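Report on one structure; see the data block that follows.
Numbers for residues simply follow the sequence, beginning at 1. As the structure is a prediction and not an experimental result, all values here were calculated from the model.
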Amino acid sequence: MERRNSWLILSVSLVFLLTVVGLATALLWRGHADAVARAEIQVTAAAGAVAAQASWLLEAGGQTLRRAEQAMASDRPAQAFAQVAADLPPGFELSVHDGDGQLVFPLDATDATADSGFIDLDAGAFTPDIGISAFVPELSGGVGGFYVRRTIGEDQTGRTILLHVPAGLLSEFWRTLALGPDSAISIFREDGLLVARHPVPTGSLDLSDHPLFAEHLLLAPSGVYHSSESPADGVPRIVGYTTVAGKPLVAVAALSTAHALGPYWQRLYALILLGLPVLIILAALAWWQAVLLRREEATRRKLEATADHNHMLLREVHHRVKNNLQIIMSMVRMQKLPAEAELDLRNRVMAMSALHEHLHGPGPAGLVELGTYLGELMEGVNRSYGNRMKLVLDFEPDIFVDADAATPLGLIVNELVTNANKYAFPDGEFGTMTVQLARRGGTAEVAVLNDGIPFDATPKSKGEGIRLIRSLAPQVSTDFVLTGDKGLEFRIKVPITDRPTEDLSNPDQTSPG
(Lines give C-alpha, C1' and ligand atoms only; values in the text may rest on other atoms or scores of the structure.)
Protein backbone atom coordinates (compact mmCIF):
# COMPACT_ATOMS: atom_id res chain seq x y z
CA MET A 1 0.00 0.00 0.00
CA GLU A 2 2.80 2.42 0.91
CA ARG A 3 4.66 1.54 -2.28
CA ARG A 4 1.53 2.29 -4.31
CA ASN A 5 1.13 5.62 -2.52
CA SER A 6 4.74 6.48 -3.34
CA TRP A 7 4.15 5.82 -7.01
CA LEU A 8 0.99 7.90 -6.80
CA ILE A 9 2.98 10.77 -5.30
CA LEU A 10 5.60 10.47 -8.04
CA SER A 11 2.85 10.48 -10.67
CA VAL A 12 1.29 13.56 -9.10
CA SER A 13 4.72 15.21 -9.00
CA LEU A 14 5.22 14.40 -12.70
CA VAL A 15 1.85 15.93 -13.48
CA PHE A 16 2.91 18.94 -11.43
CA LEU A 17 6.13 19.30 -13.40
CA LEU A 18 4.25 19.03 -16.68
CA THR A 19 1.81 21.61 -15.39
CA VAL A 20 4.71 23.92 -14.51
CA VAL A 21 6.12 23.49 -18.02
CA GLY A 22 2.69 24.16 -19.50
CA LEU A 23 2.19 27.24 -17.35
CA ALA A 24 5.68 28.48 -18.24
CA THR A 25 4.86 28.04 -21.93
CA ALA A 26 1.56 29.86 -21.47
CA LEU A 27 3.30 32.67 -19.59
CA LEU A 28 5.94 32.96 -22.32
CA TRP A 29 3.25 33.13 -24.96
CA ARG A 30 1.40 35.67 -22.88
CA GLY A 31 4.60 37.64 -22.39
CA HIS A 32 5.18 37.70 -26.15
CA ALA A 33 1.60 38.80 -26.75
CA ASP A 34 1.89 41.51 -24.09
CA ALA A 35 5.16 42.80 -25.59
CA VAL A 36 3.57 42.98 -29.04
CA ALA A 37 0.45 44.65 -27.59
CA ARG A 38 2.55 47.27 -25.79
CA ALA A 39 4.47 47.97 -29.00
CA GLU A 40 1.22 48.31 -30.96
CA ILE A 41 -0.17 50.73 -28.41
CA GLN A 42 3.07 52.72 -28.52
CA VAL A 43 3.15 53.03 -32.33
CA THR A 44 -0.56 53.89 -32.43
CA ALA A 45 0.00 56.75 -30.02
CA ALA A 46 3.15 57.84 -31.86
CA ALA A 47 1.32 57.84 -35.23
CA GLY A 48 -1.33 60.08 -33.69
CA ALA A 49 1.40 62.43 -32.46
CA VAL A 50 3.02 62.50 -35.92
CA ALA A 51 -0.39 63.29 -37.45
CA ALA A 52 -0.85 66.18 -35.03
CA GLN A 53 2.66 67.43 -35.87
CA ALA A 54 1.94 67.24 -39.62
CA SER A 55 -1.34 69.10 -39.20
CA TRP A 56 0.35 71.80 -37.14
CA LEU A 57 3.20 72.04 -39.64
CA LEU A 58 0.84 72.60 -42.58
CA GLU A 59 -1.18 75.15 -40.63
CA ALA A 60 2.01 77.00 -39.71
CA GLY A 61 3.25 76.74 -43.29
CA GLY A 62 -0.02 78.08 -44.61
CA GLN A 63 0.14 81.05 -42.25
CA THR A 64 3.73 81.74 -43.36
CA LEU A 65 2.70 81.66 -47.02
CA ARG A 66 -0.17 84.05 -46.36
CA ARG A 67 2.21 86.44 -44.60
CA ALA A 68 4.55 86.20 -47.60
CA GLU A 69 1.65 86.98 -49.93
CA GLN A 70 0.76 90.04 -47.88
CA ALA A 71 4.41 91.12 -47.97
CA MET A 72 4.50 90.85 -51.76
CA ALA A 73 1.40 93.07 -51.93
CA SER A 74 2.91 95.76 -49.69
CA ASP A 75 4.53 99.06 -50.73
CA ARG A 76 8.01 97.67 -50.11
CA PRO A 77 7.70 93.97 -51.09
CA ALA A 78 11.41 93.15 -51.01
CA GLN A 79 11.94 94.35 -47.45
CA ALA A 80 8.66 92.86 -46.16
CA PHE A 81 9.35 89.50 -47.84
CA ALA A 82 12.88 89.45 -46.42
CA GLN A 83 11.48 90.06 -42.92
CA VAL A 84 9.05 87.10 -43.25
CA ALA A 85 11.89 84.88 -44.46
CA ALA A 86 14.15 86.02 -41.61
CA ASP A 87 11.54 84.90 -39.06
CA LEU A 88 11.66 81.30 -40.29
CA PRO A 89 13.55 78.58 -38.36
CA PRO A 90 16.97 77.55 -39.70
CA GLY A 91 16.76 75.45 -42.86
CA PHE A 92 13.37 76.81 -43.96
CA GLU A 93 13.35 78.90 -47.16
CA LEU A 94 10.78 81.08 -48.98
CA SER A 95 10.84 81.70 -52.71
CA VAL A 96 8.55 83.26 -55.36
CA HIS A 97 8.14 81.84 -58.87
CA ASP A 98 6.33 83.12 -61.92
CA GLY A 99 3.62 81.31 -63.84
CA ASP A 100 6.24 79.34 -65.77
CA GLY A 101 7.93 78.16 -62.55
CA GLN A 102 10.94 80.44 -62.96
CA LEU A 103 12.55 81.88 -59.82
CA VAL A 104 11.56 85.52 -59.25
CA PHE A 105 12.60 86.31 -55.70
CA PRO A 106 14.97 86.04 -53.93
CA LEU A 107 17.52 85.43 -56.62
CA ASP A 108 19.83 83.46 -54.32
CA ALA A 109 17.16 80.89 -53.35
CA THR A 110 17.34 77.28 -54.44
CA ASP A 111 15.80 77.07 -57.88
CA ALA A 112 12.85 74.70 -57.49
CA THR A 113 12.82 74.07 -61.23
CA ALA A 114 16.44 72.97 -61.47
CA ASP A 115 15.28 69.33 -61.74
CA SER A 116 11.99 69.08 -63.55
CA GLY A 117 9.29 66.78 -62.09
CA PHE A 118 10.56 66.69 -58.48
CA ILE A 119 7.71 68.84 -57.19
CA ASP A 120 4.03 68.23 -57.68
CA LEU A 121 1.95 71.25 -56.86
CA ASP A 122 -1.47 69.79 -57.68
CA ALA A 123 -1.53 66.18 -56.45
CA GLY A 124 -1.25 67.16 -52.82
CA ALA A 125 -3.57 70.16 -52.79
CA PHE A 126 -5.97 70.31 -49.86
CA THR A 127 -7.32 73.83 -50.58
CA PRO A 128 -7.72 75.49 -53.96
CA ASP A 129 -4.51 77.50 -53.59
CA ILE A 130 -2.22 75.47 -51.30
CA GLY A 131 -0.45 72.25 -52.12
CA ILE A 132 2.28 69.99 -50.78
CA SER A 133 5.02 68.27 -52.67
CA ALA A 134 6.47 64.80 -52.33
CA PHE A 135 9.90 64.37 -50.76
CA VAL A 136 12.68 66.01 -52.79
CA PRO A 137 16.17 64.49 -52.41
CA GLU A 138 19.15 66.70 -51.72
CA LEU A 139 19.61 69.28 -54.48
CA SER A 140 22.83 70.79 -55.75
CA GLY A 141 23.45 73.83 -53.66
CA GLY A 142 20.70 73.01 -51.16
CA VAL A 143 19.22 70.38 -48.84
CA GLY A 144 16.43 67.92 -49.48
CA GLY A 145 12.95 68.22 -48.00
CA PHE A 146 9.50 69.06 -49.28
CA TYR A 147 7.59 72.16 -50.39
CA VAL A 148 4.33 73.80 -49.35
CA ARG A 149 2.89 75.92 -52.16
CA ARG A 150 0.50 78.85 -52.37
CA THR A 151 -0.65 80.28 -55.68
CA ILE A 152 -1.38 84.02 -55.72
CA GLY A 153 -3.37 85.92 -58.29
CA GLU A 154 -7.07 86.16 -58.94
CA ASP A 155 -7.10 83.50 -61.63
CA GLN A 156 -4.83 81.11 -59.71
CA THR A 157 -2.35 81.21 -62.62
CA GLY A 158 -0.12 83.97 -61.38
CA ARG A 159 2.89 83.75 -59.16
CA THR A 160 3.58 80.90 -56.76
CA ILE A 161 5.11 81.16 -53.27
CA LEU A 162 7.02 78.08 -52.11
CA LEU A 163 8.01 77.24 -48.54
CA HIS A 164 10.89 74.77 -48.48
CA VAL A 165 10.78 72.52 -45.37
CA PRO A 166 14.16 70.83 -44.63
CA ALA A 167 14.48 67.04 -44.61
CA GLY A 168 15.66 66.88 -41.01
CA LEU A 169 12.50 68.49 -39.61
CA LEU A 170 11.10 65.23 -38.24
CA SER A 171 14.35 64.20 -36.55
CA GLU A 172 13.92 66.51 -33.56
CA PHE A 173 10.32 65.44 -33.15
CA TRP A 174 11.35 61.76 -33.42
CA ARG A 175 13.62 62.17 -30.38
CA THR A 176 10.66 63.32 -28.23
CA LEU A 177 8.74 60.12 -29.05
CA ALA A 178 11.44 57.84 -27.55
CA LEU A 179 10.66 54.93 -29.87
CA GLY A 180 14.13 53.47 -29.53
CA PRO A 181 16.82 52.53 -32.05
CA ASP A 182 15.93 51.60 -35.64
CA SER A 183 12.51 53.24 -35.29
CA ALA A 184 11.09 55.55 -37.92
CA ILE A 185 8.37 58.16 -38.39
CA SER A 186 7.04 59.31 -41.76
CA ILE A 187 4.50 61.53 -43.45
CA PHE A 188 3.03 60.32 -46.76
CA ARG A 189 0.66 61.91 -49.20
CA GLU A 190 -2.57 60.05 -49.83
CA ASP A 191 -1.23 58.99 -53.26
CA GLY A 192 1.56 57.01 -51.53
CA LEU A 193 4.43 59.42 -52.12
CA LEU A 194 6.74 60.17 -49.19
CA VAL A 195 6.73 63.75 -47.86
CA ALA A 196 9.10 63.53 -44.88
CA ARG A 197 10.80 60.81 -42.84
CA HIS A 198 13.20 60.07 -40.04
CA PRO A 199 15.74 58.67 -40.74
CA VAL A 200 16.08 60.96 -43.75
CA PRO A 201 16.03 58.86 -46.94
CA THR A 202 18.53 59.23 -49.72
CA GLY A 203 15.87 59.27 -52.41
CA SER A 204 12.17 59.54 -53.04
CA LEU A 205 9.79 56.75 -51.95
CA ASP A 206 6.53 55.64 -53.58
CA LEU A 207 4.30 53.26 -51.54
CA SER A 208 1.23 53.47 -53.74
CA ASP A 209 1.46 49.68 -54.35
CA HIS A 210 2.54 48.86 -50.79
CA PRO A 211 0.04 46.98 -48.54
CA LEU A 212 -0.27 50.13 -46.40
CA PHE A 213 -2.04 51.97 -49.24
CA ALA A 214 -3.28 48.99 -51.24
CA GLU A 215 -4.86 47.14 -48.28
CA HIS A 216 -4.74 48.60 -44.78
CA LEU A 217 -5.92 52.16 -45.51
CA LEU A 218 -8.75 50.78 -47.62
CA LEU A 219 -10.00 48.86 -44.58
CA ALA A 220 -9.54 51.48 -41.86
CA PRO A 221 -8.23 55.07 -41.63
CA SER A 222 -5.92 54.04 -38.78
CA GLY A 223 -4.45 50.84 -37.45
CA VAL A 224 -1.37 48.67 -36.92
CA TYR A 225 0.39 46.08 -39.07
CA HIS A 226 3.63 44.11 -38.90
CA SER A 227 6.20 44.59 -41.62
CA SER A 228 8.84 41.90 -42.13
CA GLU A 229 10.93 44.30 -44.20
CA SER A 230 10.67 48.07 -44.46
CA PRO A 231 10.52 49.34 -48.07
CA ALA A 232 12.82 52.20 -47.03
CA ASP A 233 15.68 50.38 -45.28
CA GLY A 234 14.71 46.69 -44.92
CA VAL A 235 14.34 46.75 -41.10
CA PRO A 236 11.46 44.60 -39.66
CA ARG A 237 9.08 46.86 -37.77
CA ILE A 238 5.70 47.13 -36.06
CA VAL A 239 3.93 49.96 -37.88
CA GLY A 240 1.16 52.26 -36.70
CA TYR A 241 -0.60 54.55 -39.17
CA THR A 242 -3.40 57.12 -39.21
CA THR A 243 -4.79 59.64 -41.66
CA VAL A 244 -4.41 63.33 -40.85
CA ALA A 245 -7.81 64.89 -40.23
CA GLY A 246 -8.79 67.23 -43.06
CA LYS A 247 -5.48 66.78 -44.90
CA PRO A 248 -4.48 64.44 -47.75
CA LEU A 249 -1.75 62.93 -45.57
CA VAL A 250 -1.01 59.70 -43.71
CA ALA A 251 1.14 59.70 -40.56
CA VAL A 252 3.25 56.60 -39.83
CA ALA A 253 5.23 55.53 -36.76
CA ALA A 254 7.27 52.32 -36.85
CA LEU A 255 8.97 50.54 -33.94
CA SER A 256 11.79 48.08 -34.55
CA THR A 257 10.58 44.52 -33.91
CA ALA A 258 13.95 43.61 -32.41
CA HIS A 259 13.75 46.55 -29.99
CA ALA A 260 10.10 45.91 -29.07
CA LEU A 261 10.67 42.21 -28.32
CA GLY A 262 14.23 42.53 -26.99
CA PRO A 263 13.31 42.36 -23.28
CA TYR A 264 11.03 39.39 -23.97
CA TRP A 265 13.79 37.41 -25.72
CA GLN A 266 16.21 38.23 -22.92
CA ARG A 267 13.75 36.85 -20.35
CA LEU A 268 13.21 33.78 -22.52
CA TYR A 269 16.95 33.03 -22.75
CA ALA A 270 17.33 33.54 -19.01
CA LEU A 271 14.41 31.21 -18.38
CA ILE A 272 15.94 28.53 -20.60
CA LEU A 273 19.29 28.82 -18.81
CA LEU A 274 17.67 28.60 -15.39
CA GLY A 275 14.63 26.49 -16.15
CA LEU A 276 16.29 23.16 -16.94
CA PRO A 277 18.31 23.00 -13.69
CA VAL A 278 15.23 24.05 -11.78
CA LEU A 279 13.16 21.29 -13.37
CA ILE A 280 15.84 18.74 -12.46
CA ILE A 281 15.87 20.02 -8.89
CA LEU A 282 12.06 19.88 -8.75
CA ALA A 283 12.10 16.28 -9.99
CA ALA A 284 14.64 15.33 -7.31
CA LEU A 285 12.57 17.11 -4.67
CA ALA A 286 9.45 15.27 -5.85
CA TRP A 287 11.19 11.92 -5.43
CA TRP A 288 12.48 12.87 -2.00
CA GLN A 289 9.04 14.14 -1.06
CA ALA A 290 7.59 10.76 -1.97
CA VAL A 291 10.08 9.08 0.37
CA LEU A 292 9.29 11.50 3.18
CA LEU A 293 5.56 11.17 2.68
CA ARG A 294 5.83 7.38 2.89
CA ARG A 295 7.63 7.72 6.21
CA GLU A 296 5.18 10.34 7.38
CA GLU A 297 2.25 8.11 6.45
CA ALA A 298 3.59 5.34 8.68
CA THR A 299 4.17 7.78 11.53
CA ARG A 300 0.72 9.32 11.10
CA ARG A 301 -0.96 5.94 11.35
CA LYS A 302 0.86 5.20 14.56
CA LEU A 303 -0.14 8.57 16.00
CA GLU A 304 -3.76 8.07 14.96
CA ALA A 305 -3.83 4.67 16.64
CA THR A 306 -2.36 6.21 19.81
CA ALA A 307 -4.80 9.14 19.68
CA ASP A 308 -7.77 6.82 19.19
CA HIS A 309 -6.64 4.73 22.15
CA ASN A 310 -6.21 7.85 24.34
CA HIS A 311 -9.61 9.21 23.33
CA MET A 312 -11.19 5.87 24.13
CA LEU A 313 -9.55 5.94 27.57
CA LEU A 314 -10.72 9.51 28.15
CA ARG A 315 -14.30 8.65 27.28
CA GLU A 316 -14.11 5.63 29.53
CA VAL A 317 -12.99 7.91 32.37
CA HIS A 318 -15.95 10.26 31.78
CA HIS A 319 -18.27 7.28 31.63
CA ARG A 320 -16.97 5.90 34.93
CA VAL A 321 -17.21 9.34 36.58
CA LYS A 322 -20.80 9.61 35.42
CA ASN A 323 -21.58 6.15 36.85
CA ASN A 324 -19.93 7.10 40.16
CA LEU A 325 -22.06 10.26 40.32
CA GLN A 326 -25.15 8.13 39.76
CA ILE A 327 -24.06 5.94 42.67
CA ILE A 328 -23.57 9.04 44.84
CA MET A 329 -27.11 10.22 43.95
CA SER A 330 -28.48 6.82 44.96
CA MET A 331 -26.62 7.03 48.27
CA VAL A 332 -28.03 10.56 48.83
CA ARG A 333 -31.56 9.24 48.40
CA MET A 334 -30.85 6.57 51.06
CA GLN A 335 -29.82 9.22 53.61
CA LYS A 336 -32.45 10.83 55.80
CA LEU A 337 -31.87 14.45 54.76
CA PRO A 338 -34.36 17.31 54.74
CA ALA A 339 -36.30 17.25 51.47
CA GLU A 340 -35.07 20.69 50.40
CA ALA A 341 -31.41 19.90 51.15
CA GLU A 342 -31.71 16.55 49.39
CA LEU A 343 -33.20 18.20 46.28
CA ASP A 344 -30.47 20.88 46.22
CA LEU A 345 -27.73 18.27 46.57
CA ARG A 346 -29.30 16.02 43.98
CA ASN A 347 -29.54 18.88 41.46
CA ARG A 348 -25.89 19.80 41.98
CA VAL A 349 -24.81 16.22 41.42
CA MET A 350 -27.09 16.12 38.37
CA ALA A 351 -25.27 19.18 36.95
CA MET A 352 -21.95 17.36 37.29
CA SER A 353 -23.41 14.18 35.81
CA ALA A 354 -24.87 16.04 32.83
CA LEU A 355 -21.45 17.59 32.17
CA HIS A 356 -19.77 14.20 32.02
CA GLU A 357 -22.62 12.90 29.87
CA HIS A 358 -21.75 15.55 27.27
CA LEU A 359 -18.03 14.93 27.60
CA HIS A 360 -18.66 11.22 27.10
CA GLY A 361 -20.87 11.85 24.06
CA PRO A 362 -19.95 11.92 20.37
CA GLY A 363 -18.84 15.58 20.28
CA PRO A 364 -15.27 16.91 20.24
CA ALA A 365 -13.12 15.50 23.02
CA GLY A 366 -12.89 17.75 26.07
CA LEU A 367 -15.47 20.24 24.69
CA VAL A 368 -19.10 20.89 25.57
CA GLU A 369 -21.71 22.42 23.26
CA LEU A 370 -22.91 25.08 25.70
CA GLY A 371 -26.47 25.60 24.45
CA THR A 372 -27.45 21.94 24.58
CA TYR A 373 -25.78 21.44 27.96
CA LEU A 374 -27.36 24.47 29.65
CA GLY A 375 -30.78 23.77 28.13
CA GLU A 376 -30.88 20.17 29.43
CA LEU A 377 -29.54 21.23 32.81
CA MET A 378 -32.03 24.08 33.36
CA GLU A 379 -35.01 22.08 32.19
CA GLY A 380 -33.99 19.21 34.49
CA VAL A 381 -33.68 21.50 37.55
CA ASN A 382 -36.92 23.31 36.71
CA ARG A 383 -38.67 19.97 36.28
CA SER A 384 -37.52 18.86 39.73
CA TYR A 385 -39.48 21.82 41.16
CA GLY A 386 -42.61 21.01 39.22
CA ASN A 387 -41.97 23.46 36.35
CA ARG A 388 -43.02 26.45 38.45
CA MET A 389 -41.28 28.77 35.97
CA LYS A 390 -41.53 29.19 32.23
CA LEU A 391 -38.10 28.88 30.65
CA VAL A 392 -37.43 30.99 27.54
CA LEU A 393 -34.20 29.74 25.94
CA ASP A 394 -32.54 31.80 23.21
CA PHE A 395 -29.30 30.02 22.32
CA GLU A 396 -26.91 30.45 19.38
CA PRO A 397 -25.83 26.97 18.19
CA ASP A 398 -22.34 25.51 17.97
CA ILE A 399 -20.74 27.44 20.83
CA PHE A 400 -18.16 25.15 22.42
CA VAL A 401 -16.34 25.62 25.75
CA ASP A 402 -13.90 23.39 27.54
CA ALA A 403 -14.74 21.39 30.67
CA ASP A 404 -12.87 23.80 32.98
CA ALA A 405 -15.35 26.56 32.10
CA ALA A 406 -18.42 24.34 31.72
CA THR A 407 -18.12 22.80 35.22
CA PRO A 408 -18.45 25.99 37.33
CA LEU A 409 -20.89 27.49 34.80
CA GLY A 410 -23.20 24.47 35.12
CA LEU A 411 -23.18 24.77 38.95
CA ILE A 412 -23.91 28.53 38.68
CA VAL A 413 -26.88 27.96 36.37
CA ASN A 414 -28.13 25.19 38.67
CA GLU A 415 -28.06 27.62 41.63
CA LEU A 416 -29.79 30.39 39.64
CA VAL A 417 -32.67 28.13 38.57
CA THR A 418 -32.92 26.59 42.04
CA ASN A 419 -33.02 29.97 43.84
CA ALA A 420 -35.53 31.34 41.36
CA ASN A 421 -37.85 28.38 41.92
CA LYS A 422 -37.54 28.67 45.69
CA TYR A 423 -37.59 32.43 46.28
CA ALA A 424 -38.28 34.55 43.18
CA PHE A 425 -42.03 33.95 42.99
CA PRO A 426 -43.61 33.69 46.47
CA ASP A 427 -47.18 32.68 47.19
CA GLY A 428 -47.28 30.24 44.27
CA GLU A 429 -46.91 32.90 41.57
CA PHE A 430 -45.94 31.75 38.08
CA GLY A 431 -42.83 33.41 36.68
CA THR A 432 -40.61 33.49 33.60
CA MET A 433 -36.87 32.99 33.36
CA THR A 434 -35.14 34.06 30.15
CA VAL A 435 -31.75 32.62 29.25
CA GLN A 436 -29.69 33.95 26.34
CA LEU A 437 -26.49 32.65 24.77
CA ALA A 438 -24.79 34.68 22.01
CA ARG A 439 -21.36 35.16 20.51
CA ARG A 440 -19.48 38.33 21.37
CA GLY A 441 -16.28 38.21 19.31
CA GLY A 442 -14.01 35.57 20.84
CA THR A 443 -16.33 35.00 23.80
CA ALA A 444 -19.91 33.98 24.45
CA GLU A 445 -22.23 35.91 26.76
CA VAL A 446 -24.58 33.95 28.99
CA ALA A 447 -27.47 36.05 30.35
CA VAL A 448 -29.99 34.72 32.92
CA LEU A 449 -32.95 37.02 33.70
CA ASN A 450 -36.27 36.72 35.51
CA ASP A 451 -39.05 39.03 36.65
CA GLY A 452 -39.14 37.83 40.25
CA ILE A 453 -38.95 39.83 43.46
CA PRO A 454 -35.82 41.84 44.29
CA PHE A 455 -33.18 40.23 46.49
CA ASP A 456 -29.76 40.93 47.95
CA ALA A 457 -27.16 39.84 45.38
CA THR A 458 -24.26 41.89 46.75
CA PRO A 459 -21.03 40.25 47.93
CA LYS A 460 -22.28 40.85 51.53
CA SER A 461 -25.31 38.64 50.98
CA LYS A 462 -25.70 35.84 53.51
CA GLY A 463 -27.52 33.57 51.07
CA GLU A 464 -25.68 30.32 50.51
CA GLY A 465 -26.61 30.21 46.82
CA ILE A 466 -25.41 33.79 46.18
CA ARG A 467 -22.11 33.12 47.92
CA LEU A 468 -21.65 29.93 45.88
CA ILE A 469 -22.39 31.77 42.62
CA ARG A 470 -19.93 34.56 43.44
CA SER A 471 -17.23 32.05 44.34
CA LEU A 472 -17.73 30.01 41.15
CA ALA A 473 -18.08 32.88 38.64
CA PRO A 474 -14.37 33.97 38.71
CA GLN A 475 -13.44 30.42 37.72
CA VAL A 476 -15.27 31.07 34.44
CA SER A 477 -14.51 34.77 33.92
CA THR A 478 -13.94 37.91 35.95
CA ASP A 479 -16.27 39.72 33.55
CA PHE A 480 -19.65 39.00 35.16
CA VAL A 481 -22.64 40.90 36.58
CA LEU A 482 -25.00 39.69 39.31
CA THR A 483 -27.80 41.99 40.53
CA GLY A 484 -31.16 41.49 42.19
CA ASP A 485 -32.54 45.04 42.39
CA LYS A 486 -35.35 44.38 39.86
CA GLY A 487 -35.40 40.63 39.80
CA LEU A 488 -32.51 38.43 38.72
CA GLU A 489 -29.93 39.65 36.22
CA PHE A 490 -26.82 37.56 35.75
CA ARG A 491 -24.41 38.05 32.82
CA ILE A 492 -21.03 36.44 32.28
CA LYS A 493 -18.53 36.26 29.40
CA VAL A 494 -17.34 32.71 28.67
CA PRO A 495 -14.18 32.00 26.60
CA ILE A 496 -15.03 30.10 23.40
CA THR A 497 -12.97 27.13 22.22
CA ASP A 498 -13.11 26.66 18.44
CA ARG A 499 -14.42 23.31 17.36
CA PRO A 500 -11.74 21.31 15.48
CA THR A 501 -12.44 20.77 11.78
CA GLU A 502 -11.59 17.08 12.10
CA ASP A 503 -12.87 15.34 15.22
CA LEU A 504 -10.49 12.47 15.77
CA SER A 505 -12.27 11.69 19.00
CA ASN A 506 -15.40 10.58 17.16
CA PRO A 507 -15.24 6.80 17.04
CA ASP A 508 -17.55 6.77 14.01
CA GLN A 509 -14.95 8.53 11.87
CA THR A 510 -12.42 6.45 10.00
CA SER A 511 -8.96 7.75 9.40
CA PRO A 512 -7.96 8.31 5.76
CA GLY A 513 -5.71 5.85 3.97
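- Of the options S171, S186, S183, a side-chain hydrogen bond (donor to acceptor under 3.5 Å, both in side chains) to H198 is made by S171 and by none of the others.
- Shortest non-hydrogen contact noted between P166 and P90 is CG-O, 4.4 Å.
- Here the side chains of T243 and L217 are in contact, with some heavy-atom distance below 4.5 Å.
- Under 4.0 Å is where a charged nitrogen must lie from a carboxylate oxygen, and between D233 and R197 at least one such pair does.
- No side-chain heavy atom of H226 sits less than 4.5 Å from a side-chain heavy atom of V239.
- Taking all atoms of both residues into account, the shortest heavy-atom contact from A47 to T242 is O-CG2, 3.5 Å.
- Between the side chains of E215 and H210, no donor N or O sits under 3.5 Å from an acceptor N or O.
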Apply the test side chain to side chain contact (heavy atoms under 4.5 Å, CB included) to residues F135 and I187: give CA-CA distance (whole Å), side-chain angles for both, the deciding distance (0.1 Å), then the verdict. CA-CA 10 Å; F135 177 76; I187 301 173; over 6 Å; no

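- No salt bridge links D182 with R237; every basic N to acidic carboxylate O contact stays at or beyond 4.0 Å.
- Under the 3.5 Å distance criterion, with hydrogens and angles disregarded, a donor-acceptor pair is assigned to the side chains of D206 and S208.
- Counting heavy atoms from C-beta on, the side chains of L88 and L163 come closer than 4.5 Å.
- Two residues are said to be in side-chain contact when any heavy atoms from C-beta on lie closer than 4.5 Å; V148 and T64 fail this criterion.
- The heavy-atom pair separating V84 from A71 by the smallest distance is CG2-CB, 4.3 Å.
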Go through the steps for L261 and V36 under the test side chain to side chain contact (heavy atoms under 4.5 Å, CB included), then give the verdict. CA-CA 7 Å; L261 299 181; V36 171; 3.8 Å; yes

Take R67 and D87 through the salt bridge (Lys or Arg N to Asp or Glu O under 4.0 Å) test and state the conclusion after the steps. CA-CA 11 Å; R67 288 180 59 204; D87 292 338; 3.1 Å; yes

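- Atoms CG and NE2, on L218 and H216 in that order, are 10.0 Å from each other to the nearest 0.5 Å.
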Could you walk me through whether L367 and V401 satisfy the side chain to side chain contact (heavy atoms under 4.5 Å, CB included) test, starting with their C-alpha distance in whole Å, then the side-chain angles of each, then the deciding distance to 0.1 Å, before giving a yes or no? CA-CA 6 Å; L367 299 182; V401 299; over 6 Å; no

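- Counted by atom type alone, S95 and H97 present one or more donor-acceptor pairs between their side chains at under 3.5 Å.
- For the atom pair I185 CD1 and L255 CG, the distance stands at 12.5 Å (nearest 0.5 Å).
- Looking at T160 and V96, their side chains never come closer than 4.5 Å, going by heavy atoms from C-beta outward.
- Under the 30°/60° scheme for interplanar angles, the aromatic rings of F188 and F213 are found to stand perpendicular.
- A pairwise comparison of heavy atoms in F146 and A196 identifies CE2-CB, 3.9 Å as the closest pair.
- R175 CZ: more than 12 foreign heavy atoms inside a 6.0 Å radius.
- Using a 4.5 Å cut-off on side-chain heavy atoms (C-beta onward), L57 and L169 make contact.
- Side-chain contact check for P231 versus L207: some heavy-atom pair is nearer than 4.5 Å.
- Here the straight-line distance linking atom CD1 of I132 with atom CG of L249 works out to 5.0 Å at 0.5 Å rounding.
- D34 places no side-chain N or O within donor-acceptor distance of the main-chain N or O of A37, the cut-off being under 3.5 Å.
- Considering only heavy atoms from C-beta on, L212 comes within 4.5 Å of Y241 through its side chain.
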Stepwise salt bridge (Lys or Arg N to Asp or Glu O under 4.0 Å) check, D398 with R439: CA-CA 10 Å; D398 295 327; R439 293 180 182 271; over 6 Å; no

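- The residues E59 and K247 are annotated as salt-bridged, a charged nitrogen and a carboxylate oxygen being separated by less than 4.0 angstrom.
- Atom CG of residue L94 and atom CG of residue L65 lie 6.5 Å apart, to the nearest 0.5 angstrom.
- Between A184 and W174, the shortest heavy-atom contact is N-NE1, 4.4 Å.
- D394 contributes atom CG, which lies 5.5 Å from atom CD of Q436 (distance to the nearest 0.5 angstrom).
- One finds the CZ atom of F173 at 10.0 Å from the CH2 atom of W56 (value rounded to the nearest 0.5 Å).
- Nearest heavy-atom pair across A260 and I238 is CB-CD1, 4.2 Å.
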Please lay out, stage by stage, how I492 and L409 fare under the test side chain to side chain contact (heavy atoms under 4.5 Å, CB included). CA-CA 9 Å; I492 190 167; L409 186 60; 4.1 Å; yes

